[in-house]
Amino acid sequence: MTQLKPMKTGFTLFIGLLLLPWWLFATTGYSIKVSIEGYSEKKITLAYYFGNQKYVKDTASRGADGLFVFKGATPLQSGIYSIVLEPEQIGLDILVSEKEQQFSIQTKVVDPFQNLRFTGSLENDLFQKYIRFVSEQNPISDTLRAQYKRSPEGQQKEKFKHLLQKADSTQLLYVQNFIRENKGTYAALVIKATLPIRYPSFTGTSDEKMIKTWLYARKHCFDNIPIQDFRLLRTPHYFQAITTYVDDLLFQHPDSLKVGIDYILNQLRPNKEAFEYYAVHFLRQYLQPKVMGMDAVFVHMVEQYLQTGQVKLNSADQQAKIVQMAQKLKPLLIGKLSPNIPLMDRQGKKFNLHDLDAEYTLLIIWAYDCGHCKHSAPFWKSFYDQYKDKGVKLVALCYVPESEIPACWKYVDDNGLGAWLHAYDPLLRFAKPYNVETTPQVYLMDRNKVIIGKQIVAEQMEDVVGKIIELQKKGKI
């Protein structure tokens, strides 16, 4: 039989409570009360910044006392949040810090930004003070900047340049003083994240100065936005810093981007939410890259993060498809030896792609009934006329069933496209190794049949191939 424990008397219980730490009695969760004079809608929304988007966190309906109350048992994570008013979707930005989770907001429908006031939130008082200063200064700077651009060279232009520099210096000095005077506050941390990089004076030629500036920016990109200070994660500045680092400060080559993105993600590992979000962000960015050769970054992201289980997509089917896509793309990346395929020319003579003797081979996989191919054909012809005597062999591989091959040749003859090598394979054995799902597909290969260019737009073929060949001869690719 279990023995009953003696009950505490009221006095004993009181003494025991006194001995407990004070923070056990602190209010948990969040409670944000909002009063909007003249607002007739029935609800408002609380949204937060994450990445380059806003996401809904909570909604509040009007209470009997006319107040809207956002309330939850779990504290909000620090960040810039937005009170969204219906129906115009007006967003009033506010700060939520770790220490301030219970406060009140008052404003009016008429000029809600100017009338925004807070009770119980020093952070927001500071934040609004800063916003009001910037709101007053920005129109002045914008006007001076427009006047400077419109002014002709001479004394007047120099005058506006001086005034603009003075206005910018005034704003920068205010921000610096604000951060120093409010050191340790969340508002100061957020406002510091808006500061640009401060560059020292560099010496050398214009090119040397440009390179030094770029290297300095890359090294100091996160000076004002510490990447591992996840209190800034729910601000737009955090996303801007990361994407600026990758898109503007890394050398835009797959090898450099892979190393740079890995560095970013390793910094984000302590925060699972940030790590997964940015891993998926870069995966999507390079899924269909706008720059030739950047699909190598996509393949790297899949192999490094999806296939290893470090990141999982919401849909297992989608994840499997993306992994499969990367596996198909990998053998066709720039720098890979192109798949060797058996082909036949118009006369039925058999040959292998790698048997062709040419400094450069341009393989175009097309179809006679492909609208984009028809649009591209005149550009292919123009390209061939210019490069046929420069060591380039063009191979047009028609992607149709054997029964439709005559239609290919008819289209070629009708449109005067018979000057280059035309080929086919009745068994379509090239379709899988070249991952042919759409036409046209374009691959440029060097003498050893290594891929040095791919998916080149027909209208840009002359310029792009010319530049690739020039770089390849210099050993830069």
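- In this structure, D229 does not pair ionically with K192, as no charged nitrogen and carboxylate oxygen lie closer than 4.0 Å.
- Cation-pi contact between K393 and Y360: absent, since separation from the ring centre below 6.0 Å together with deviation from the ring axis within 45° is not met.
- Under the 30°/60° scheme for interplanar angles, the aromatic rings of H375 and F379 are found to be tilted.
- By the 4.0 Å N-to-carboxylate-O rule, D168 lies close enough to R145 to be salt-bridged with it.
- Between the side chain of S141 and the backbone N or O of N138 there is no donor-acceptor pair closer than 3.5 Å.
- Ring planes of F178 and Y130: tilted class, angle from 30 to 60°.
- Checked by atom type and distance alone, the side chain of N224 pairs as donor or acceptor with a backbone atom of L195 at under 3.5 Å.
- Under a cut-off of 6.0 angstrom, the local environment of CD in Q240 is sparse, with at most 12 non-hydrogen atoms contributed by other residues, nucleotides or ligands.
- Under the 4.0 Å criterion applied to side-chain N and carboxylate O atoms, R447 and D357 are assigned as salt-bridge partners.
- The aromatic rings of Y399 and F430 stand perpendicular to each other, their planes meeting at an angle above 60°, with 30° marking the opposite boundary.
- Heavy atoms from other residues, nucleotides or ligands lying under 6.0 Å from CG of N314 number 12 at most.
- With hydrogens and angles ignored, the 3.5 Å screen pairs no side-chain donor or acceptor of S256 with any backbone N or O of H253.
- Residues that satisfy the disulfide bond (SG atoms under 2.5 Å apart) test with C221, not counting sequence neighbours, are absent from this structure.
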*From CA spacing to verdict: side-chain contact (heavy atoms from CB on, under 4.5 Å), M325, L287*: CA-CA 9 Å; M325 184 185 304; L287 174 61; 3.5 Å; yes
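- Closest heavy-atom contact between Y368 and K374: O-CE, 3.0 Å.
- Considering only heavy atoms from C-beta on, L444 stays 4.5 Å or farther from M461 through its side chain.
- Judged by distance alone, with hydrogens and angles left aside, the side-chain atoms of Q156 form no donor-acceptor pair with the main-chain N or O of S151 at under 3.5 Å.
- Other residues, nucleotides and ligands place no more than 12 heavy atoms under 6.0 Å from the NZ atom of K381.
- Residues I197 and D223 form no side-chain contact, since every pair of their non-hydrogen atoms from C-beta on lies 4.5 Å or further apart.
- Formation of a donor-acceptor pair under 3.5 Å by the S338 side chain with backbone atoms of I451 is not found in this model.
- Looking at F351 and L343, their side chains come closer than 4.5 Å, going by heavy atoms from C-beta outward.
- No more than 12 heavy atoms of other residues, nucleotides or ligands shown are found within 6.0 angstrom of CZ on R198.
- Ring geometry for Y238 versus F230: interplanar angle of 30 to 60°, hence tilted.
- Residues D295 and K454 share a closest heavy-atom pair of OD2-NZ, 2.7 Å.
- Within the 3.5 Å criterion, the main-chain N or O of F50 finds no donor-acceptor partner in the side chain of Q53.
- A distance-only check finds no donor-acceptor pair linking the side chain of Q304 to the backbone of V302 [under 3.5 Å].
- Salt bridge annotation for D317-K321: absent, with no cationic side-chain nitrogen under 4.0 angstrom from a carboxylate oxygen.
- Under the 4.0 Å criterion applied to side-chain N and carboxylate O atoms, E303 and K258 are not assigned as salt-bridge partners.
- Aromatic rings of F239 and H281 (six-membered ring for Trp) have centroids within the 6.0 Å cut-off, being under it.
- In the displayed structure, K212 atom NZ is contacted under 6.0 Å by more than 12 heavy atoms of other residues, nucleotides or ligands.
- In this structure, Y186 contributes its side chain and G79 its backbone to a donor-acceptor pair below 3.5 Å.
- Expressed to the nearest 0.5 Å, how far CD of Q307 lies from CD of Q319 amounts to 9.5 Å.
- In this structure, W366 and H422 have perpendicular ring planes: the angle between them is above 60°, well past the 30° mark.
- Using modelled atom types and a 3.5 Å distance limit, the side chains of Q285 and D247 yield a donor-acceptor pair.
- A 4.5 Å side-chain heavy-atom check between Y148 and K159 finds every atom pair outside the cut-off.
- Inspection of the H300 and D262 side chains reveals an N or O donor paired with an N or O acceptor under 3.5 Å.
- The aromatic rings of Y305 and F275 lie perpendicular to each other, with more than 60° between the two planes, well past the 30° mark.
- Under a cut-off of 6.0 angstrom, the local environment of NE2 in H220 is crowded, with over 12 non-hydrogen atoms contributed by other residues, nucleotides or ligands.
- Between F298 and I322, the closest side-chain pair of non-hydrogen atoms falls below 4.5 Å.
- Residues L417 and W380 fail the side-chain proximity criterion, which asks for heavy atoms closer than 4.5 Å.
- Environment of NZ in K312: sparse, with no more than 12 heavy atoms of neighbouring residues, nucleotides or ligands closer than 6.0 Å.
- Between K349 and D345 there is no salt bridge, since none of the side-chain N atoms of the basic residue sits less than 4.0 Å from a carboxylate O of the acidic one.
- Using a 4.5 Å heavy-atom threshold, the side chains of Y277 and L268 count as separate.
- When atom types are taken as modelled, the side chain of Q137 and the backbone of A167 share no donor-acceptor pair closer than 3.5 angstrom.
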*Does the pair Q89 and T45 meet the rule for a side-chain contact (heavy atoms from CB on, under 4.5 Å), with working shown?*
CA-CA 9 Å; Q89 299 291 301; T45 301; over 6 Å; no
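- I83 has its side chain out of reach of T107: every pair of non-hydrogen atoms, C-beta onward, lies at least 4.5 Å apart.
- The main-chain N or O of H354 is found under 3.5 Å from a side-chain atom of N340 such that the two form a donor-acceptor pair.
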